[in-house]
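Structure first, commentary second.
Lettering of chains follows the sequences in order, A, B, ..., and the numbering in each one begins at 1.
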There are 2 protein chains.
Amino acid sequence: MARWDPDAEGRLRAAALELFQEHGFENVTAAQIAERAGLARRSFFRYFPDKREVLFAGSEQLPAAVGQAFAAVSPDVAPWPTVLAALDSVGALLVEHATDAVRRREVIQASPELRERERTKSAAIALAIQTALEQRAVPSADATLLAHAGTAVFQQAFTQWVDEAGRQPIETCLAAAAERLERLIGI
Amino acid sequence: MARWDPDAEGRLRAAALELFQEHGFENVTAAQIAERAGLARRSFFRYFPDKREVLFAGSEQLPAAVGQAFAAVSPDVAPWPTVLAALDSVGALLVEHATDAVRRREVIQASPELRERERTKSAAIALAIQTALEQRAVPSADATLLAHAGTAVFQQAFTQWVDEAGRQPIETCLAAAAERLERLIGI
DNA sequence: ACCAGTGATGGCACTGAGTGCTATGGTGGG
DNA sequence: CCCACCATAGCACTCAGTGCCATCACTGGT
């Protein structure tokens, strides 16, 4: 999305984050964001397909990372540990690119529209996990369940990581969440 | 949502479903739906807060059913079985009200916008499960994981139920999905 | 039968998201 | 110096969603 001028794209994202934090997502127009970034309203929609996407830059990388992470895990490993290993890679990538993670999270949580979009992003990760599992001959129904359980673990781990302000590495949070889920379900 | 004239509401929902199936969600305007239902465009937005909601009528009942279902389960039961028992109730309610389930599902799957909204509906169920668990003194992190795992099972079961055209009762699909997940994760 | 109150509906006008099209200005290569 | 290319600006349009007010039907009271 918008690989042309990384500088202008960054200005748009920064301007949007400031304005959303100040006035709330629904009270900020695309024209205001563009103006603060020194661009025209029309150009905003050339960088981002819609107003919500300005807060989710780089999120396409996460589903892609799932595929690569799966490739790095031996096919002999059982499905669930494979999913968890892949989540480690995705988590590392997320943390690396999450400079404004906390501020972004606050803005997203404050707006139903943005929470809705965030679920779509999570669903894209889940779909990537599911297709990667199916390529390993995991039955479709199993793949769906594992993918959703994986994203549940991922979200819980990320929430914990943010709440603790990153004092623990994301891998620790992921392992803790996975263990928690296994203990809760495996009775 | 729109308790005034159930007849007009039904006409709007039927008209929307037909038009969406015929031309696709994004190629149908609210005015066209209203016209086919014999109402004005303005009235459409009095029955439904936005164009997507016309396909999700009655979905508010499902989160509410979660609370009631929890109340019917003894507090001595462990959290995960409690969640599964609650899902049985929700599933029964869903099946009961799902006259156009298959057609609705097709239309929803065909539109990214509608799929996004459907995830919001699932999230509402998950939130209801989470809060119900927290009221039973389940730690917040556990409740989040259980709620998401529960909705994963629910979605998988519902998908299977629709794919099999309802030949198996929803409870059977739910039990199968739950067992599947436990087997996959509990290693 | 008349009248007043209530509430659903219709019409109108407005804001803002998103989009197609065209003009313009800046920049690199010849 | 000129030309081609490309990001951007500007304009005009559709459509979602909303506030406001007029209208019409229905109801109860006299």
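- In this structure, K51(B) atom NZ and dT18(D) atom P are separated by 14 Å, rounded to whole Å.
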Pairs: protein N or O with nucleotides 23-26 of chain D N or O, under 3.5 Å:
none

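- Spacing between atom CD of E35(B) and atom P of dG10(C) amounts to 12 Å, rounded to whole angstrom units.
- Against DNA chain C, the stretch residues 15-29 of chain A makes heavy-atom approaches under 4.0 Å through V28(A), T29(A).
- Applying the side-chain hydrogen bond (donor to acceptor under 3.5 Å, both in side chains) rule to Q130(B) yields the partners E134(B), T144(B); only residues at least two apart in sequence or on another chain are considered.
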R117(B) vs E53(B), test: salt bridge (charged side-chain N to carboxylate O under 4.0 Å, His left out). Steps then yes/no.
CA-CA 8 Å; R117(B) 176 56 55 90; E53(B) 284 298 311; 2.5 Å; yes

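- Here L127(B) sits alone; no ILVMFWY side chain lies under 4.5 Å from its own, so it joins no hydrophobic cluster.
- The closest side-chain donor-acceptor pair between Q155(A) and S122(A) falls under 3.5 angstrom.
- Between the C1' atom of dG10(D) and the CG atom of L39(A) lies a distance of 14 Å, rounded to the nearest Å.
- For the pair Y47(B) and dT9(C), the criterion of a side-chain N or O lying under 4.0 Å from OP1 or OP2 is met.
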Show me the donor-acceptor pairs within less than 3.5 Å that the side chains of residues 100-107 of chain B make with the rest of the protein, sequence neighbours left out.
{"unit_1": "R103(B)", "atom_1": "NH1", "unit_2": "Q21(B)", "atom_2": "OE1", "d": "3.1"}
{"unit_1": "R104(B)", "atom_1": "NE", "unit_2": "L55(B)", "atom_2": "O", "d": "3.4"}
{"unit_1": "R105(B)", "atom_1": "NH2", "unit_2": "T159(B)", "atom_2": "OG1", "d": "3.1"}

Could I get a table of every N or O pair under 3.5 Å where one atom is in the protein and the other is in nucleotides 19-23 of chain C?
{"unit_1": "dG20(C)", "atom_1": "N7", "unit_2": "R42(A)", "atom_2": "NH2", "d": "2.8"}
{"unit_1": "dG20(C)", "atom_1": "O6", "unit_2": "R42(A)", "atom_2": "NE", "d": "2.5"}

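- Hydrophobic cluster of V77(A): the remaining members, joined at side-chain heavy-atom separations below 4.5 Å, are V73(A), listed by chain and number.
- For the salt bridge (charged side-chain N to carboxylate O under 4.0 Å, His left out) condition, the pairs that include at least one residue of residues 167-180 of chain B, sequence neighbours left out, are D142(A)-R180(B).
- By the side-chain hydrogen bond (donor to acceptor under 3.5 Å, both in side chains) test, R136(A) is found to be paired with no residue, residues two or more places apart in sequence or in another chain being considered.
- Between F44(A) atom CZ and dG10(D) atom P there is a gap of 17 Å when expressed in whole angstrom units.
- Annotation: ring pair (Phe, Tyr, Trp, His ring centres under 6.0 Å) contacts of F45(B) (sequence neighbours excluded): none.
- Each of R52(A) and A40(B) was matched to the nucleotide of DNA chain C holding its nearest heavy atom; the match closer to the 5' end belongs to A40(B).
- Partners of F70(B) by ring pair (Phe, Tyr, Trp, His ring centres under 6.0 Å), not counting sequence neighbours: none found.
- Scored by the salt bridge (charged side-chain N to carboxylate O under 4.0 Å, His left out) test, D7(A) finds R11(A) as partners (sequence neighbours excluded).
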